[in-house]
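Report on the following structure.
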Amino acid sequence: EELHRYDEAEARYRRVVTLPRAFTVGFTNLMEVQLRNGHLAAMDSTRALFVERLPGNSALPYADWLIAWSRGDLATADSILDATARGAALTIGRASAARRLIPSLQLQGRVEESLAWIGRRLRDRLSLDDRPSLRLYAGLDSVTAEADHGDPASARSQLGMVLSAYPVDALPPSERPWDHLAYLGAVLRDPALVREALAGWERDQAGNSLSPDGDRARFRAAVAMSEERWGEVVTQIDESYRRFAAGERELAAVKGIAYDRLGRADSALAAYDLFRSTRSPDGSTGLDGSWRPRILLRSGELREAAGDRAGAIEAYAEFVDLWKDADPRFQPRVREIRQRIARLRGEIG
């Protein structure tokens, strides 16, 4: 999978789940790669075999979640995560479910609810482990929610308070969240922060990377994004993907944004459409939580500008459906897009 040989990975996992001794990870990994390959119907048969061979397994809710997530059934998916995050016997199971639930809520504009879950997850983890890094990670998660969907100025202020309360250099080198800080620096257009993150990663973590050149290119893409050097963003994220660090959906999102800023609307839409047509295949909701709402809006705007009213309506309608229950501060935006849809439908006649 890490080498992007997904069909081969699926074939091998299919063999694994038929071995005399069944392994939980064989079934969950197979379902993840089936999601990546778009073999959604096959996920149902894999889940049935999972139940047959390992009845009552604690990972079955995750399998059910993967199926609901693959179909875009967020109500069912979130219900499964909520139940697991509240009721799983092991802290690690609760924390893992909450980790996926938090960005799923942000995907739907329910940022305040996601912040409550960030706090709940932190308290749960601190009951077993009081490392300062956990408090820093939770603080950065809250900042990211504001940076992605709220007010950049507020996010910058919050970031300063978090880093003052929990200095990165006070943590063990292996626990310093340089990749997260690079992301925030890119989104908030803070080149100094991204360059600090790159230097910190080089010093503390590059030696343990499975693909140091690929990870380095990803950091350099973040530097270029923070400085709005969009052509360099494309070059570096392509290099990161080529060296097996960035995944396909990250590649699509980042290149779509870069092409958009370069005024290459057709290329931007092609990248955005690839992102929209897929779901994170590894049980992660983070990319969608951060990028899907804004990609839907830009897809609608670009198609509207090109005279593709039907395509614009489709993208806008998907956004409105996602954010119909968004926080009150986002509802003016939702109403604006609803009005835009009505206008476009009127123009079509």
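With Thr278 contributing its side chain and Phe275 its backbone, the two residues share a donor-acceptor pair below 3.5 Å. For the pair Asp308 (side chain) and Gly311 (backbone), a donor-acceptor distance under 3.5 Å is present. Within the 3.5 Å criterion, the main-chain N or O of Ile92 finds no donor-acceptor partner in the side chain of Ser96. For the pair Ser104 (side chain) and Leu101 (backbone), a donor-acceptor distance under 3.5 Å is absent. Using a distance-only test at 3.5 Å, with no hydrogens or angles considered, a donor-acceptor pair links the side chain of Asp151 to the main chain of Ala153. Remark: the backbone N or O of Gln236 is not paired with any side-chain donor or acceptor of Ser240 at under 3.5 angstrom. Judged by distance alone, the side chain of Lys255 and the main-chain N or O of Ala252 form no donor-acceptor pair under 3.5 Å. Arg94 contributes no side-chain N or O that, together with a main-chain N or O of Gly87, makes up a donor-acceptor pair within less than 3.5 Å. Side-chain N or O atoms of His149 include none that pairs as donor or acceptor with a backbone N or O of Phe330 at under 3.5 Å. For the pair Ser79 (side chain) and Ala75 (backbone), a donor-acceptor distance under 3.5 Å is absent.
Taking every heavy atom of both residues into account, Gln106 and Ser114 meet most closely at NE2-OG, 3.1 Å. Summarising the geometry of Leu122 relative to Leu134, their closest heavy-atom pair is CD1-O, 3.5 Å, with the distance given to 0.1 Å. Of all the heavy atoms in Leu302 and Ala268, the pair that sits closest is CD1-CB, 4.2 Å. Taking every heavy atom of both residues into account, Leu188 and Leu159 meet most closely at CD1-CD2, 4.4 Å. When every heavy atom of Gly300 is checked against every heavy atom of Ala315, the shortest pair comes out as N-CB, 3.6 Å. Across all non-hydrogen atoms, the minimal contact from Val233 to Ala221 is CG2-O, 3.8 Å.
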Passes salt bridge (charged side-chain N to carboxylate O under 4.0 Å, His left out), Glu301 versus Arg294? Steps please. CA-CA 11 Å; Glu301 290 165 352; Arg294 71 184 83 178; over 6 Å; no
Checking Glu239 against Arg220 for the salt bridge (charged side-chain N to carboxylate O under 4.0 Å, His left out) test, could you report, in this order, the C-alpha distance in whole Å, the side-chain angles of both residues, the deciding distance, and whether it holds? CA-CA 10 Å; Glu239 178 68 4; Arg220 288 173 176 166; over 6 Å; no
Set out, in order, the CA-CA distance, both residues' side-chain angles and the distance that settles side chain to side chain donor-acceptor pair (under 3.5 Å) for Asp179 and Gln205, then state yes or no. CA-CA 10 Å; Asp179 55 343; Gln205 296 161 3; over 6 Å; no
Salt bridge (charged side-chain N to carboxylate O under 4.0 Å, His left out) between Arg303 and Asp273, intermediate numbers included: CA-CA 11 Å; Arg303 285 193 158 84; Asp273 287 350; 2.7 Å; yes
Yes or no on salt bridge (charged side-chain N to carboxylate O under 4.0 Å, His left out) for Glu304 and Arg343, after CA distance, side-chain angles and deciding distance? CA-CA 11 Å; Glu304 184 178 356; Arg343 174 178 54 77; 2.6 Å; yes
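With respect to the salt-bridge test (charged N to carboxylate O, under 4.0 angstrom), the residues Arg292 and Glu318 qualify. Here Glu8 pairs with Arg12 in a salt bridge; the nearest charged N to carboxylate O distance falls below 4.0 Å. Ionic pairing of Asp129 and Arg131 is present here: one or more N-O contacts between side-chain nitrogen and carboxylate oxygen are shorter than 4.0 angstrom. Between Arg135 and Asp130, no side-chain nitrogen of the basic residue sits less than 4.0 Å from a carboxylate oxygen of the acidic one, so the salt-bridge criterion is not met. Ionic pairing of Arg110 and Asp325 is not present here: no N-O contact between side-chain nitrogen and carboxylate oxygen is shorter than 4.0 angstrom. Between Arg5 and Glu10 there is no salt bridge, since no side-chain N of the basic residue sits under 4.0 Å from a carboxylate O of the acidic one. Looking at Arg329 and Glu146, a side-chain N of the basic residue comes within less than 4.0 Å of a carboxylate O on the acidic one, giving a salt bridge. Comment: Arg243 does not engage Asp215 in a salt bridge, judged by the lack of any side-chain N to carboxylate O separation of less than 4.0 angstrom. In summary, Asp141 and Arg99 do not engage in a salt bridge, as defined by a charged side-chain N under 4.0 Å from a carboxylate O. With salt bridges taken as basic N to acidic carboxylate O contacts below 4.0 Å, one links Arg36 and Glu248. Under 4.0 Å is where a charged nitrogen must lie from a carboxylate oxygen, and between Arg216 and Glu202 at least one such pair does. Remark: Asp124 does not engage Arg120 in a salt bridge, criterion side-chain N to carboxylate O under 4.0 Å.
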Report all side-chain donor-acceptor pairs from residues 18-27 shorter than 3.5 Å, counting only partners two or more places apart or in another chain.
from	atom 1	to	atom 2	distance (Å)
Thr18	OG1	Arg15	O	2.8
Thr24	OG1	Asn57	ND2	2.9

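Hydrophobic clustering of Ile, Leu, Val, Met, Phe, Trp and Tyr side chains at less than 4.5 Å, counting indirect connections, keeps Val16 apart from Met31.
Inspection of the Tyr272 and Asp260 side chains reveals an N or O donor paired with an N or O acceptor under 3.5 Å. Looking at Tyr183 and Asp148, their side chains do bring a donor and an acceptor atom within 3.5 Å of each other. No hydrogens or angles considered: a donor-acceptor pair under 3.5 Å links the side chains of Tyr13 and Asn29.
For Ser58, there are no side chain to side chain donor-acceptor pair (under 3.5 Å) partners at least two apart in sequence or on another chain. In terms of the side chain to side chain donor-acceptor pair (under 3.5 Å) criterion, Trp201 has no residue partners (sequence neighbours excluded). Partners of Arg189 by side chain to side chain donor-acceptor pair (under 3.5 Å), not counting sequence neighbours, listed by chain and number: Glu228. Scanning for side chain to side chain donor-acceptor pair (under 3.5 Å) contacts around Asp190 gives an empty result, with sequence neighbours left out.
A cation-pi arrangement, defined by a distance under 6.0 Å to the six-membered ring centre and an angle within 45 degrees of its axis, is present between Arg100 and Trp65. At least one cation-pi condition fails for Arg121 and Trp117: the charged atom is not both under 6.0 angstrom from the six-membered ring centre and inside a 45 degree cone around its axis.
Sorted by first and then second residue, the pairs that involve residues 155-174 and meet side chain to side chain donor-acceptor pair (under 3.5 Å), not counting sequence neighbours, are Ser154-Gln158.
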